[in-house]
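Here is the naming used below: chain letters follow the sequence lines, and residue numbers restart at 1 for every chain. Note that the coordinates shown come from a computational prediction; the quantities given were computed from them, not determined experimentally.
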Protein chains: 2
Amino acid sequence: MSTIYDVAKRAGVSPKTVSRFLNGDAPVGRSTRDKVERAIAELGYVPSSAARTMRSNRSGLVGLITGAITLTPRRMALGGLPDIEIVQGILRELEESGLTLLISDTGGKSERIPNLIRTFQEHRVEGIIFVADHHMKVTLPGIAGDTKLVLANCFDDAGSPAVLPNDRSGQKALTEGLIARGHRRIAYLTLGPEMKATRLRVAGYRDALAIAGIPFDPALVTAANLSADDHLAEEQLLWDALDRVLTIEDPPTVLCLGNDRMALRAYGMLRSRGLTLPDDISVAGYDDHTLITETLYPQLTTVKLPYAAMGVRAARLLTSMVRDGSAAPEAPVLVGGPAVWRDSVRPGPANRITELPMRGRNPA
Amino acid sequence: MSTIYDVAKRAGVSPKTVSRFLNGDAPVGRSTRDKVERAIAELGYVPSSAARTMRSNRSGLVGLITGAITLTPRRMALGGLPDIEIVQGILRELEESGLTLLISDTGGKSERIPNLIRTFQEHRVEGIIFVADHHMKVTLPGIAGDTKLVLANCFDDAGSPAVLPNDRSGQKALTEGLIARGHRRIAYLTLGPEMKATRLRVAGYRDALAIAGIPFDPALVTAANLSADDHLAEEQLLWDALDRVLTIEDPPTVLCLGNDRMALRAYGMLRSRGLTLPDDISVAGYDDHTLITETLYPQLTTVKLPYAAMGVRAARLLTSMVRDGSAAPEAPVLVGGPAVWRDSVRPGPANRITELPMRGRNPA
DNA sequence: ACCGATTATGACATCGGTGTCATGACATCG
DNA sequence: CGATGTCATGACACCGATGTCATAATCGGT
């Protein structure tokens with residue numbers, strides 16, 4: 001591989017002049033410019049970023065830590081949400097920035113992270129983005145030097161700059177929309193209580209109720225999901241929760257679920273109770289996992305989890321910190337996603353459930 | 001960020017001794033070793049790969065060009081095969097190799113490739129892996145220097161080292177299995193003729209027939225897929241092809257499809273003709289796209305497209321070329337995938353279709 | 001015609017490692 | 001005991017860019 005000296009010699013100028021031509025940091029004469037240009041083309045010269053990095057102490061590299069590449073196909077097969085869309089957003093935003101992305105995949109094994117970070121540091125990355133697969137708290141090993149860190153879809157105790165989905169506003173927007181469509185008795189079968197999203201979304205749900213002056217009824221809200229990989233137990237838990245909220249005194253006219261996959265299951269369970277969607281009861285999910293939401297009949301109303309947008313925001317945040325040295329924001333950047341209205345929610349006031357639901361029998 | 005000189009000074013030794021400690025290329029005394037170790041820990045020293053690259057002319061970097069990160073979610077939503085599994089295989093194989101992967105995503109726009117390659121060259125990658133989303137021919141811009149290139153799931157005119165799925169052996173294995181299960185009239189509705197896989201798989205199909213002494217009947221083999229994004233036209237084409245092969249004199253007892261998605265469609269069409277699977281007719285796909293094959297009822301017999309294994313092989317090929325300077329293989333590396341037998345193929349001899357199929361009516 | 005300003009260019013040191021060669025302290029062997 | 005070899009270490013140059021400073025050429029203004 002030829003060097004800047006080879007180019008200089010061939011063009012009959014000094015290396016520094018070639019450097020000036022390449023970087024445009026000082027004027028270069030017309031004829032010199034042409035000679036250098038020709039020499040570069042003839043030699044197929046490509047500057048060495050290693051040398052440039054050494055001199056300027058700026059590598060132009062950004063590191064990305066994620067498990068999405070390894071885990072996405074598996075997760076999607078299970079109906080999980082493709083967190084790889086966060087990575088896509090990052091790629092898109094970084095494309096024009098002149099920064100090069102170094103991607104490391106954890107394969108879901110967090111014990112690998114220190115090694116990945118070390119490799120990044122050897123390459124003197126100017127910043128690191130850590131992407132989590134769901135809204136969660138993380139604890140990363142300290143990062144030496146002045147390497148910037150941005151967390152996407154997660155946060156830590158150290159208050160590192162973070163980009164998070166606005167779970168509260170999402171559920172609030174959904175609930176407000178339901179109220180606007182005439183619903184007053186809104187059940188909410190949430191994700192597990194250990195999920196960070198759960199508390200926030202319930203808060204959003206209550207925000208919307210409060211604004212509309214509808215009293216909060218604890219009987220309508222219950223956790224109905226496990227994080228564990230126990231499908232049978234999950235199925236049972238959801239069935240029980242569903243049975244419970246449907247058989248209270250003043251039953252709900254709409255069922256909000258913690259995610260689209262729960263909604264998918266709920267469809268089957270509701271139908272096995274002889275209910276028609278959305279005429280007998282409306283249903284809403286969360287995530288806007290299009291593989292589910294647009295495939296179901298009726299298509300599922302849900303809240304979009306703005307993963308791509310979060311990736312864009314995270315990358316933008318990092319570039320501004322790296323390039324302009326701008327300070328990290330005090331509070332996490334919250335990215336909202338809109339409620340997506342499809343056919344699983346009746347556009348007008350809801351019917352009441354008239355038939356007597358079966359009690360406590362497990363489907364199939 | 002501290003340097004090797006800082007470490008040397010703190011440990012009271014020369015930089016070269018620190019270098020020897022780090023690389024183990026010459027013996028270092030016990031007490032010196034301890035002092036250096038302590039200094040490194042105290043300073044949090046991490047060597048600079050830029051400096052190392054410059055001196056040794058070896059960057060330890062490998063470039064990967066793919067569209068999988070951007071396109072996988074979309075493709076999976078459409079029932080396409082996750083070529084990201086190739087990337088996974090590469091990641092897994094490279095993990096222990098000490099090489100660091102620089103991933104670039106084309107976003108499906110091949111005009112970006114020259115820029116990506118240029119960036120790789122600036123970083124002096126030792127090799128580049130190009131991953132295509134299906135078995136195809138590609139034409140890449142020349143890569144200067146002695147950068148090695150490995151193609152995964154594709155090949156070029158220049159005879160660059162390539163890792164390809166063994167489409168011929170795959171379809172042969174499937175067909176042999178069908179014959180072993182008593183089938184003699186085996187229809188094959190292939191992918192479009194422009195797909196590289198098509199010719200190879202038909203050859204494998206004929207190989208198996210020839211071995212079993214079954215004459216090849218052209219009426220049983222027909223292209224039934226478009227690459228275009230025209231779902232309606234595809235549906236029509238498949239319906240027509242299916243109608244044609246089912247209504248010939250001596251109709252098939254099993255239907256092989258060009259991929260799992262076609263098989264998924266065929267299920268619906270066969271049922272709309274009143275046929276029961278697999279009793280009236282058996283069906284087989286290709287790809288082993290588990291989201292389809294394991295969700296369908298009956299579960300779909302298919303041939304596994306060994307994407308992860310291909311990634312592993314591609315990475316292994318590149319590392320051996322980069323590290324040991326071993327020569328590129330003359331012929332493409334063919335990676336076979338097994339036939340996966342599920343319930344869509346009757347384990348015993350097949351029934352004959354007795355009812356008269358409807359003719360030329362498009363389903364629903 | 002002279003001067004300061006601007007333009008165009010080059011010499012040289014430097015970034016942080018490592019390859020090469022040299023050197024001093026011991027151990028081994030005939 | 002002296003020759004030879006091994007071990008442990010250091011001095012120095014070099015990889016390929018670029019920042020700093022110096023210098024030569026050109027120009028406009030008076």
Side-chain angles (χ1 to χ4, degrees), chain A residues 1-37 39-40 43-61 98 100 118-119 121-126 144-146, chain B residues 1-37 39-40 43-61 118-119 121-126 144-146:
Chain A
M1 180 82 37
S2 49
T3 75
I4 201 170
Y5 294 93
D6 302 327
V7 174
K9 187 175 293 181
R10 187 171 194 114
V13 300
S14 78
K16 180 67 218 197
T17 297
V18 178
S19 170
R20 279 191 268 256
F21 169 82
L22 290 169
N23 299 292
D25 45 359
V28 175
R30 189 47 30 270
S31 72
T32 311
R33 183 185 292 285
D34 292 343
K35 283 185 295 183
V36 171
E37 205 156 19
I40 287 176
L43 291 171
Y45 166 74
V46 179
S48 155
S49 71
R52 186 173 286 168
T53 295
M54 242 183 57
R55 192 63 179 84
S56 68
N57 217 21
R58 303 195 59 232
S59 64
L61 290 171
T100 302
R118 167 154 178 120
T119 301
Q121 304 234 59
E122 290 184 356
H123 289 278
R124 299 290 190 267
V125 294
E126 300 179 38
D146 53 356
Chain B
M1 179 84 35
S2 50
T3 75
I4 201 170
Y5 294 93
D6 302 328
V7 175
K9 186 175 293 181
R10 187 171 194 115
V13 300
S14 77
K16 180 69 219 199
T17 296
V18 178
S19 170
R20 279 191 267 256
F21 169 83
L22 290 169
N23 300 291
D25 45 0
V28 176
R30 221 318 114 252
S31 72
T32 311
R33 182 185 293 285
D34 292 342
K35 284 185 293 183
V36 171
E37 204 156 20
I40 287 176
L43 291 171
Y45 167 73
V46 179
S48 155
S49 71
R52 184 175 289 167
T53 295
M54 243 182 56
R55 191 62 176 91
S56 67
N57 218 20
R58 304 197 57 235
S59 64
L61 289 172
R118 168 156 178 120
T119 302
Q121 303 235 61
E122 289 184 357
H123 288 278
R124 298 291 190 266
V125 295
E126 299 179 38
D146 53 357

Give Val18(B) one of three labels, base, sugar-phosphate or nothing, depending on what nucleic acid heavy atoms sit under 4.0 Å from its own.
-> nothing
Quick one: on DNA chain D, does Met1(A) or Thr17(B) contact a more 5' nucleotide (nearest heavy atom)?
-> Thr17(B)
Among dG16(C), dT18(C), dA8(C), the one nearest any side-chain atom of Thr32(A) is dA8(C)
Which nucleotide in dT18(C), dG10(D), dT9(C) has an atom nearest any side-chain atom of Ala26(A) = dT9(C)
Shortest side-chain distance from Thr3(A), nucleotide among dG17(C), dA17(D), dT18(C) | dA17(D)
How would you label the contact of Arg124(A) with the nucleic acid (heavy atoms, under 4.0 Å): base, sugar-phosphate, or nothing?
-> sugar-phosphate
How many angstroms lie between OG in Ser48(B) and NE2 in His123(A), if you round to the nearest 0.5 Å?
-> 9.5 Å
Go through dC7(D), dG17(C), dG16(D) for me and flag the one nearest to the Pro27(B) side chain.
-> dC7(D)
Across the strands shown, which category fits Phe21(A) at heavy-atom distances under 4.0 angstrom: base, sugar-phosphate, nothing?
-> nothing
Nucleotide by nucleotide, 5' to 3', does protein get under 4.0 Å of the base (B), only the sugar-phosphate (S), or neither (-) in nucleotides 19-25 of chain D, counting heavy atoms?
-> BB-----
Would you indicate, yes or no, if dG10(C) has its OP1 or OP2 atom less than 4.0 angstrom from a side-chain nitrogen or oxygen of Ser14(A)?
-> yes
Is the shortest side-chain N/O distance from Tyr5(A) to OP1 or OP2 of dC14(D) below 4.0 Å?
-> no
Ser48(B) side-chain N/O to dG17(C) phosphate OP1/OP2 under 4.0 Å = no
